[in-house]
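Chain naming here is simple, since letters A, B, ... match the order of the sequence lines and numbering starts at 1 in each. Just so it is clear, the structure is predicted and the values come from calculations on it, not from any experiment.
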There are 2 protein chains.
Amino acid sequence: MSQPPDVIPEQALQRVGWALRRADLTLQSAKEPALRAVGLSTASYSLLMHVHVYPGLNGAELGRRLGVSTQAVALLVTKLEAGGLVERRAHPRHRNIQELYLTDEGHRTLQAAYRHVGTIEDKITDALGPEEAQHLRDLLDTVMAALADTE
Amino acid sequence: MSQPPDVIPEQALQRVGWALRRADLTLQSAKEPALRAVGLSTASYSLLMHVHVYPGLNGAELGRRLGVSTQAVALLVTKLEAGGLVERRAHPRHRNIQELYLTDEGHRTLQAAYRHVGTIEDKITDALGPEEAQHLRDLLDTVMAALADTE
DNA sequence: TGACTGGCATCAAGTCCTTGATATGGGTCA
DNA sequence: TGACCCATATCAAGGACTTGATGCCAGTCA
């Protein structure tokens with residue numbers, strides 16, 4: 001039996017997808033110690049930021065935006081609620097749904113975290129310059145649009 | 001006590017780092033069902049691809065490249081070895097170090113996976129065009145270089 | 001009105017990965 | 001040669017997340 005020809009190109013690991021993966025991994029690693037300093041995990045930080053920007057978000061929608069399951073969100077929210085950073089409120093009409101809000105303490109913690117993590121974002125935009133930073137966002141949007149067609 | 005001014009800009013979630021995160025999440029989600037079809041997790045696929053491109057890699061170095069701990073690699077390798085996809089060989093001089101290689105079966109599985117996942121990569125490069133795809137890689141390299149200065 | 005459908009939340013069990021600690025072997029330097 | 005240091009690999013325990021199953025509630029349709 002002869003071996004089939006190798007369909008994997010030499011530069012497989014240099015393709016866009018892997019560059020994207022490496023860049024995101026590097027970014028997450030860079031953020032991690034800054035967040036640890038204020039007592040947050042990267043997951044908690046993402047959750048707080050999303051609730052800050054979209055107050056009243058429910059757990060299921062939050063899970064979709066963060067790329068994790070509803071259950072994972074619920075576990076995290078329970079911890080953050082115990083720590084006094086977020087608050088669950090009943091949806092005015094759908095009693096079964098909970099809306100999430102930041103407490104004052106949660107707001108302060110998020111701001112402290114942003115002061116640290118924001119400097120990392122600044123490093124990126126400084127290195128790119130405003131035009132290229134915008135260009136990068138556009139390119140990433142194009143990538144996401146291309147992947148959305150997959151469904 | 002007066003509330004401190006909000007230092008978090010409105011567009012916090014539109015910054016480059018979050019765009020990067022969302023794009024990578026979307027990509028991983030898109031790859032996942034394709035890999036499941038050939039019985040691989042995204043972690044396994046990444047590992048196989050790296051061992052294919054860099055034959056003889058050891059576990060610790062692999063962990064650094066994948067962004068996971070050495071132990072996680074060891075657990076995964078044990079499973080892949082039991083499945084007959086990878087092979088541990090003793091380093092010729094350092095008896096304590098193991099070099100990793102793909103078996104023929106591992107090579108076949110990786111090729112099957114690449115046939116599925118490669119089409120997703122193609123979607124991206126088709127949507128961008130060759131120049132913009134290269135540009136995106138360059139921009140991501142710039143981002144990683146900027147983050148490397150952090151240390 | 002009552003049955004059906006769909007989305008949200010929670011409980012339970014299992015998987016994957018992490019941190020911490022330990023053993024082993026090679027390289028360096030006195 | 002021997003002591004020290006560093007890197008790899010493994011064992012153990014804990015944490016975070018996943019899938020699967022269940023309950024609950026609002027909206028829809030006959």
Side-chain angles (χ1 to χ4, degrees), chain A residues 21 24-25 28-29 31-33 35-37 39-48 50-51 54-83 85-101, chain B residues 21 24-25 28-29 31-33 35-37 39-48 50-51 54-83 85-101:
Chain A
R21 185 97 196 89
D24 188 40
L25 268 173
Q28 298 307 318
S29 310
K31 282 183 176 178
E32 204 267 321
L35 290 173
R36 181 186 296 265
L40 290 178
S41 64
T42 57
S44 303
Y45 177 66
S46 294
L47 191 150
L48 293 180
H50 277 260
V51 173
Y54 306 104
L57 219 52
N58 64 53
E61 179 60 27
L62 198 42
R64 281 189 290 272
R65 302 202 186 208
L66 297 177
V68 297
S69 64
T70 309
Q71 297 88 324
V73 172
L75 291 172
L76 196 48
V77 167
T78 299
K79 279 199 340 191
L80 291 173
E81 193 180 29
L85 300 183
V86 301
E87 189 181 5
R88 303 187 213 228
R89 301 187 200 161
H91 187 288
R93 300 176 54 199
H94 298 246
R95 194 173 314 175
N96 201 25
I97 298 181
Q98 304 168 344
E99 299 184 333
L100 299 174
Y101 294 90
Chain B
R21 184 97 196 89
D24 189 40
L25 267 174
Q28 298 306 317
S29 309
K31 283 183 175 179
E32 203 265 347
L35 291 173
R36 182 187 295 266
L40 290 179
S41 64
T42 57
S44 303
Y45 177 67
S46 294
L47 192 151
L48 293 179
H50 278 260
V51 172
Y54 305 104
L57 219 53
N58 64 53
E61 179 60 26
L62 199 41
R64 280 189 289 271
R65 302 204 186 207
L66 297 178
V68 298
S69 65
T70 309
Q71 297 89 324
V73 173
L75 290 172
L76 197 48
V77 167
T78 299
K79 278 198 347 189
L80 292 173
E81 192 179 30
L85 299 183
V86 301
E87 191 182 4
R88 302 188 213 228
R89 301 185 199 162
H91 188 288
R93 299 175 54 199
H94 298 246
R95 194 172 312 175
N96 201 27
I97 299 181
Q98 304 167 346
E99 299 183 334
L100 299 174
Y101 293 91

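B:E99 has its side chain out of reach of B:L57: every pair of non-hydrogen atoms, C-beta onward, lies at least 4.5 Å apart. Within the 4.5 Å cutoff, side-chain heavy atoms of A:R65 are placed close to those of A:Y54.
For B:A72, counting side-chain heavy atoms from C-beta on, the closest listed nucleotide (C:dC8, C:dG26, C:dT18) is C:dT18. Here the nucleotide nearest the side chain of B:V68, chosen from C:dG27, C:dT18, C:dA9, is C:dT18. When distances are taken from the side chain of A:A60 to each of D:dT19, C:dA9, D:dG27, the shortest belongs to C:dA9. The side chain of A:R64 lies closest to C:dC8 when the candidates are D:dC17, D:dT8, C:dC8. When distances are taken from the side chain of B:S69 to each of C:dT18, D:dT8, C:dT10, the shortest belongs to C:dT18. Comparing D:dT8, C:dA9, D:dT10 by their closest approach to the side chain of B:I97 singles out D:dT8. Looking at the side chain of A:L75, the nearest of the listed nucleotides D:dC17, D:dA9, C:dA9 is D:dC17.
Comparing A:L76 and A:R95 by the nucleotide of DNA chain D that holds the closest heavy atom to each, the one mapping nearer the 5' end is A:L76.
At the phosphate of D:dG15, neither OP1 nor OP2 sits under 4.0 Å from any side-chain N or O atom of A:K79. Between A:R88 and the phosphate of C:dT10, there is a side-chain N or O to OP1/OP2 separation shorter than 4.0 Å. An OP1 or OP2 oxygen of D:dG27 is reached within less than 4.0 angstrom by a side-chain nitrogen or oxygen of A:R93.
Between the base of C:dG20 and the side chain of B:Q71 there is a donor-acceptor pair shorter than 3.5 Å. Residue A:N96 places a side-chain atom within donor-acceptor reach of the base of D:dC24, judged by atom type and a 3.5 Å distance cut-off alone.
Straight-line distance from the CG atom of B:N58 to the P atom of C:dG25: 17 Å, rounded to whole Å. Rounded to whole Å, atom P of C:dC17 lies 10 Å from atom CG of B:L66. Atom C1' of nucleotide C:dC16 and atom CG of B:L35 are separated by 17 Å, given to the nearest angstrom. The CD atom of B:Q98 sits 15 Å away from the P atom of C:dT24 (whole-angstrom rounding). Following rounding to the nearest Å, A:H94 (NE2) and C:dG7 (C1') show an atom-to-atom distance of 10 Å.
A side-chain contact (heavy atoms from CB on, under 4.5 Å) with B:H91 is found for exactly one of B:R95, B:R93, B:R89, namely B:R93. Among the candidates B:L40, B:T42, B:V68, B:L66, the single residue satisfying the side-chain contact (heavy atoms from CB on, under 4.5 Å) test with B:L47 is B:L66. Partner of B:V77 under the side-chain contact (heavy atoms from CB on, under 4.5 Å) criterion, chosen from B:L85, B:V51, B:V86: B:V86.
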